[in-house]
Amino acid sequence: MDAVPGKHNIVDLVLKRCGINYGNCAEICGVNHSYMPVSVEVLSEEFFNKWLSEMRRCLENAEE
């Protein structure tokens with residue numbers, strides 16, 4: 001996927017194992033971007049839903 005200044009690119013990933021995956025940017029779209037680190041943490045659906053519920057509860061409490 002080519003990088004175009006001012007344009008946001010979106011990538012969908014389907015990862016089947018939980019854990020942290022590392023990589024680096026493959027585009028030279030700015031100073032040192034070709035060395036920009038990338039990390040993606042894959043969580044179980046159960047753990048993610050629990051985390052999401054906690055975040056929603058925190059936001060609701062902050063609004064009160």
Members sharing L59's hydrophobic cluster, built from side-chain contacts under 4.5 Å between Ile, Leu, Val, Met, Phe, Trp and Tyr, are none
Are V42 and L13 joined in one hydrophobic group, where the rule is that I, L, V, M, F, W and Y side chains link up if heavy atoms are under 4.5 Å apart? yes
Exercise answer: donor-acceptor pairs, residues 47-54 side-chain atoms, under 3.5 Å, sequence neighbours excluded:
from, atom 1, to, atom 2, distance (Å)
N49, ND2, E45, O, 3.3
S53, OG, N49, O, 3.1

When every non-hydrogen atom of C18 is compared with those of S44, the smallest separation belongs to SG-N, 3.4 Å
